[in-house]
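Residue numbers begin at 1 in each chain, while the letters A, B, ... track the order of the sequences.
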Amino acid sequence: MIIWCKWMCSKKGTYEFNEIEKKWQHFWADNKTFRSEDCDTSRPKYYVLDMFPYPSGQGLHVGHPEGYTASDIVARYKRMKGFNVLHPFGWDAFGLPAEQYAVKTGTSPEITTRKNIDNMRRQTKSLGFSYDWDREVSTTDPHYYKWTQWIFLKLFNSYFDETENKAKPIERLPVPDGLSEEERRKYIDDNRLAYEAEVAVNWCPELGTVLANEEVVGGVSERGGHPVIRKPMRQWMLRITKYAERLIDDLAQVDWPYSIKKLQTDWVGKSIGADVDFKLTDFDETIRVFTTRPDTLFGATYMVLAPEHPLVDKITAPDKIHAVAEYRDQAARKSDLDRTDLAKDKTGQPLGAFAVNPVNDEKIPIWISDYVLISYGTGAIMAVPAHDDRDFEFATKFNLPIIPVVEPDDPEQAKLVRQVEICFTGDGKAINSAQFDGLPTQQFKENITKWLAERDQGSKSVNYKLRDWLFSRQRYWGEPFPILHTQDGRVIGLTEDDLPLELPHIENYKPTGTGEPPLANAAGWLEVTLPDGTKARRETNTMPQWAGSCWYYLRYLDPLNDRRAWNPEKEKYWMPVDLYIGGAEHAVLHLLYARFWHKFLYDLGYVTTAEPFKKLINQGMILGEDGQKMSKSRGNVINPDKVIADYGADSMRLYEMFMGPLEAMKPWSMQGVEGVHRFLQKLWRAVIDEETGLLDPAVRDVQADEPTLRLLNQTVKKVGDDIETFGFNTAISAMMILTNHLSRLDVKPKSVIEKLVLILAPLAPHIAEELWQRLGHDDTLAYEPWPAYDEQLIKEKEIELAVQVNGKIKDRIVVSADADEQQIKAEALANEKVAAAIAGKEPRKVIVIKSRLVNIVV
RNA sequence: GCCGAAGUGGCGGAAUUGGCAGACGCGCGGGAUUCAAAAUCCCGUCCUGGCAACAGGGUGAGGGUUCGAGUCCCUCCUUCGGCACCA
């Protein structure tokens, strides 16, 4: 027993990953190994950014390190390639969970947040990422949100110049002459990029706050799944719609996955069409509609207004007033849930009023229905039931006339369209359209738009699905608006000197339930005395969580600057972000908002690039071992702390990269972790004598043999190429192959081992540093040049080719690498098995693909 | 319903982008080492038939283009993600 123990203890050279990892993490921190040098023009720069996390009480889950490891590999690789790398980290720390916890327990969100950040920072550091921790930021830090408020003030103090298609300071807004002071103020306020409006919002009674459209999923809140109703309220809005065109166009400048670009394009939702004016028969009024199909005007048999349309009150016939009022009432009470999930059936009411179709002077009835939205286009449509599914359904239900005006090319379909059997929404040729008959759809659209314009009854028009950004929340734990409401009803912004406007400490975090935010309870904070002695009240809404994450990548450039949000020199040096890695769940929300702010800052000259993120990669979700989404209730959550304790950070990092393609969704496997851990063990034993802890005697300063040298050069090339293309799983597999080869050699050339250690370093940095040191190097390998490979050494001397007869493999031949086609052909035809397969027939064709195969066709 | 991505061994996944399908890892089977086990090392492992050499089949299904298709084209099925009265 004692002897056995002695024997165990004498093995002092085993792979002690826990000790090694701690040692190097301290080394990196103490030496500030990964500090980035601002404005170092002697090296090319590279900015690698992770989507910063919300510091939740659950801590890190295994999904976080996936993206972080990928970006860290690129950061470390680029350093070795001679780049000046900026790789920062921080916390998106405002948010609902800390506030809900505060409501429940009375613990200040500040305390909860600090605790959670400390824990998650510890976890993040335990993975050995090469962040420049001196640049750490938190959105909840007043030194940070001072500048979030500053950007908001810039928005508040800017307007959008339509002719130049860019934002400008509000002082330069041309204000019409002859306005009263009151009117002048209103005009200016109406042009600000941050403005107040009374809007029908998504009110969530359970959460006591409004939500952005994007935060409502299927009629319930995205977080928590609580019911959401529509309610008119005073809210802060940002004019993101002014940037709709640029948000679509500039996607051409960035290297993002096609699917994300598509998602954003669809979200902005550009439609080109025409506005058309319909005169009413009994009133001196016109109804303007937006349509993408002006070519179907002759088929417009009725009109529909949104229930909220302002003209409804005025034009409803006396005998319809009661029914219409009731309908509008019902529509107003409908929640989003009712409108989406349950409203499959069309409803509506006729107003008893009529309009005139401008193309044929037909008198057509006007209805209201909630299938027309007040918030899109003009809130009114012309209905062409023959060529629009929704109008078709409505007309069928209420027995309204259906006139086909577009004939499809397919004769079968054309017949059905003419007989009003089906609704056809595609392109075709015009029918029942007077002098326009026979025109193809596209042509007709142009002609009729011109025709309408000449008669002053319409014009070309573009609409977007994108709405202005609802920017206020009735919460405590968010950035306070730097805004004052005066007694005489003016809204004024604080000056830059007044920033930051800090969140006051309060006792009661509960929303009041009426929509009055918690900050309304902060007595000493709420009231302000202005220089002229009058009183003003602070804005009690706070900003949404997206605010802080809209610009954090800029603050990393200059995180300690107290005089400016960032130094322009540093911005010019570091921007744009070269690589941005994060989850696909932010495809429309965060990425669209951040691009909007960036473009705004670009217009004002604070940043020098039109787009913030050059290349974007989305990491896929990691599922539980059962292939299900990880969740506490399923009990399939993998705790990273435990994985690191059992196998080490290097194994954790390596496994997450080895699982499969970065973008793919893939299930966790503990046995898979063990697999990559065995690989590291094997490498360790190939270099270190486990008995002595010294370099293995087999590792010697000798020239590598040809196969080893070839494999080494192939591996160096492959790992480099794979890192450049984010194929980390195949890079690891290549290093496994080289390690397997080396472990079988009796004498291991030191130079080969060293290069393997260097190319492993970005992926498994701790073991690499340790081996590098034990191989006799004093300094960190973080800035060692990436090994070069020799193209000549990669080439095989002899190549095995498959020989096919009629596409079926019959045998394999080995030829010299420089054999020409004739030689290969002769060799192939001389082969016994090939001869047997040909059976004396004359080859019709012989296809030789060098270094691949030979195919003989008979 | 519309849009997007993807379907390859028992499992995670490779395949120079039209050229030997299944690299690498897991799991499994056999062997070496050991008193025994763990660890490690070696051999095998797509399916079917055969002791074997070998033969045949095989990348969700069906069709097509090609000397040659996991890869390109058409139709369909399944899974995942997004949008969902946006005129």
Practice item. Let me know, please, whether Asn806(A) or Tyr464(A) comes out on the 5' side of the other along RNA chain B by nearest nucleotide. Key: Asn806(A)
**Study point:** Protein-nucleotide distance (Lys810(A), atom NZ; rG68(B), atom P), rounded to Å
**Key:** 15 Å
Study note, to complete from the structure: Picking from rC26(B), rG25(B), rC85(B), the nucleotide nearest the side-chain atoms of Asn740(A) would be rG25(B)
Exercise for review: Ignoring backbone atoms, test whether Tyr376(A) places a side-chain nitrogen or oxygen under 4.0 Å from the OP1 or OP2 oxygen of rA87(B).
Suggested key: yes
Check your understanding: How would you label the contact of Ile381(A) with the nucleic acid (heavy atoms, under 4.0 Å): base, sugar-phosphate, or nothing?
Key -> base
Point to revise | Proximity to the side chain of Ile809(A) - top-ranked nucleotide from rA87(B), rA21(B), rG4(B) | key: rA21(B)
**Study point:** rC26(B) to rU34(B) separation - P atoms, rounded to the nearest Å
**Key:** 25 Å
**Study point:** Pair Gln628(A), Asn636(A): side-chain N/O donor-acceptor within cut-off below 3.5 Å
**Key:** no
Point to revise | Nearest-nucleotide pick for Phe290(A), side chain only, options being rA87(B), rU40(B), rC24(B) | key: rA87(B)
Review point. C1' atom, rG68(B) versus rG13(B): distance in rounded Å?
Key: 26 Å
Practice item. Assign Ser669(A) to base, sugar-phosphate, or nothing according to its heavy-atom contacts below 4.0 angstrom with the strands shown. Key: nothing
**Study point:** Nucleotide nearest Ile847(A) (side chain, heavy atoms from C-beta), chosen from rG12(B), rC26(B), rC67(B)
**Key:** rC67(B)
Review point. Would Asn855(A) and Lys845(A) count as having a side-chain donor-acceptor pair, cut-off 3.5 Å?
Key: no
Return all side-chain donor-acceptor pairs below 3.5 angstrom for residues 661-680 of chain A, not counting sequence neighbours, or 'none' if the list is empty.
| from | atom 1 | to | atom 2 | distance (Å) |
| --- | --- | --- | --- | --- |
| Lys666(A) | NZ | Glu66(A) | OE2 | 2.6 |
| Lys666(A) | NZ | Pro661(A) | O | 2.9 |
| Lys666(A) | NZ | Leu662(A) | O | 3.2 |
| Lys666(A) | NZ | Ala664(A) | O | 2.7 |
| Ser669(A) | OG | Gln671(A) | N | 3.4 |
| Ser669(A) | OG | Gly672(A) | N | 3.0 |
| Glu674(A) | OE1 | Tyr647(A) | OH | 3.2 |
| His677(A) | ND1 | Tyr647(A) | O | 3.2 |
| His677(A) | ND1 | Ser651(A) | OG | 2.9 |
| His677(A) | NE2 | Gln681(A) | NE2 | 3.3 |

Review point. Mind checking the P distance from rC47(B) to rG22(B)? Whole angstroms is fine.
Key: 13 Å
Review point. What's the closest nucleotide to the Lys682(A) side chain, out of rG12(B), rC41(B), rG27(B)?
Key: rC41(B)
Check your understanding: When the C1' atoms of rC3(B) and rC11(B) are considered, how many whole Å apart are they?
Key -> 32 Å
Review point. Does a side-chain N or O from Lys845(A) land closer than 4.0 Å to OP1 or OP2 of rC67(B), or not?
Key: yes
Practice item. Determine the Euclidean distance between corresponding C1' atoms of rG57(B) and rA21(B); express it in Å to zero decimal places. Key: 13 Å
Exercise for review: Give the intermediate values and the outcome of side-chain hydrogen bond (donor to acceptor under 3.5 Å, both in side chains) for residues Thr241(A) and Asp468(A).
Suggested key: CA-CA 5 Å; Thr241(A) 49; Asp468(A) 274 345; 2.5 Å; yes
Review point. Are any non-hydrogen side-chain atoms of Asp391(A) and Tyr302(A) less than 4.5 angstrom apart?
Key: yes
Review point. How close or far is atom P of rC26(B) from atom CG of Leu654(A), stated in whole angstroms?
Key: 13 Å
Exercise for review: State whether Lys808(A) places a side-chain N or O below 4.0 Å from either non-bridging phosphate oxygen (OP1 or OP2) of rG57(B).
Suggested key: yes
Exercise for review: Pull up the glycosidic torsion of rG9(B) and say syn or anti, syn being anything within 90° of 0.
Suggested key: syn
Practice item. Identify whether any heavy atom of Leu853(A) sits under 4.0 Å from a base atom; if not, whether one sits that close to sugar-phosphate; answer base, sugar-phosphate or nothing. Key: base
Exercise for review: For His387(A) and rC85(B), give me the distance from atom NE2 to atom C1', rounded to whole Å.
Suggested key: 19 Å
**Study point:** Passing option when Met652(A) is tested against Thr69(A), Asp646(A), Val62(A) for side chain to side chain contact (heavy atoms under 4.5 Å, CB included)
**Key:** Val62(A)
Point to revise | d(CG, Asp266(A); P, rA5(B)) in whole Å | key: 12 Å
Check your understanding: Between rC46(B) and rG29(B), how far is it from one C1' atom to the other, in whole Å?
Key -> 16 Å
Exercise for review: Supply the atom-to-atom distance Arg328(A) CZ to Glu308(A) CD, rounded to the nearest 0.5 angstrom.
Suggested key: 7.5 Å
Practice item. Take the protein atom CE of Met736(A) and the nucleotide atom C1' of rA14(B), then report the distance between them rounded to whole Å. Key: 13 Å
Review point. Which nucleotide in the list rA87(B), rG13(B), rA5(B) gets nearest to the side chain of Tyr258(A)?
Key: rA5(B)
Check your understanding: Quantified in whole Å, what is the P atom distance between nucleotide rA6(B) and nucleotide rC54(B)?
Key -> 39 Å
Exercise for review: Have a look at Lys465(A) and say if it touches a base, only the backbone sugar-phosphate, or nothing, with a 4.0 Å heavy-atom cut-off.
Suggested key: base
Exercise for review: Give the rounded distance in Å between these two atoms: CZ of Arg678(A) and P of rC41(B).
Suggested key: 9 Å
Practice item. Enumerate, in order of first residue number, the stems that involve RNA chain B, defined as 3 or more consecutive Watson-Crick or G-U wobble pairs with both distances under 3.5 Å. Key: B:1-7 with B:77-83, B:10-12 with B:24-26, B:27-32 with B:40-45, B:46-49 with B:54-57, B:60-64 with B:72-76
Review point. Do NZ/NE/NH1/NH2 and the carboxylate oxygens of Arg685(A) and Asp696(A) come within less than 4.0 Å?
Key: no
Check your understanding: Under the side chain to side chain contact (heavy atoms under 4.5 Å, CB included) test, which residues partner Ala244(A), sequence neighbours left out?
Key -> Val268(A), Tyr464(A), Leu466(A)
Review point. Between atom NE2 in His677(A) and atom P in rG25(B), what is the gap in whole Å?
Key: 16 Å
Review point. With a 4.0 Å cut-off on heavy atoms, is Lys261(A) in touch with a base, just the backbone sugar-phosphate, or nothing at all?
Key: nothing
Check your understanding: Under 4.0 angstrom, heavy atoms only, what part of the nucleic acid is Pro661(A) near: base, sugar-phosphate, or nothing?
Key -> sugar-phosphate
Review point. Which comes earlier along RNA chain B counting from the 5' end, the contact point of Ser733(A) or that of Pro667(A), where each point is its nearest nucleotide?
Key: Pro667(A)
Check your understanding: Is any side-chain nitrogen or oxygen of Ser743(A) closer than 4.0 Å to OP1 or OP2 of rC41(B)?
Key -> no
Exercise for review: Give a yes-or-no answer on whether the side chains of Asp722(A) and Thr730(A) include a donor-acceptor pair shorter than 3.5 Å.
Suggested key: yes
Point to revise | Nearest-angstrom distance, P atom, rG27(B) to rA84(B) | key: 45 Å
Revision key, fill the gap. Separation of rA87(B) atom P from Tyr302(A) atom OH, nearest Å, is 16 Å
Point to revise | Nucleotide of rG4(B), rG12(B), rA23(B) approaching Phe658(A) most closely (side-chain heavy atoms) | key: rG12(B)
Exercise for review: Based on the glycosidic angle (syn within 90° of 0, else anti), state the conformation of rU75(B).
Suggested key: anti
Point to revise | Crowding at CZ, Arg288(A) (>12 non-hydrogen neighbours, <6.0 Å) | key: no
Practice item. Under 4.0 Å between any heavy atoms, over every strand shown, what does Gln681(A) touch: base, sugar-phosphate, or nothing? Just pick one. Key: nothing
**Study point:** Below 4.0 Å: OP1/OP2 of rC20(B) and any side-chain N or O of Asn855(A)
**Key:** no
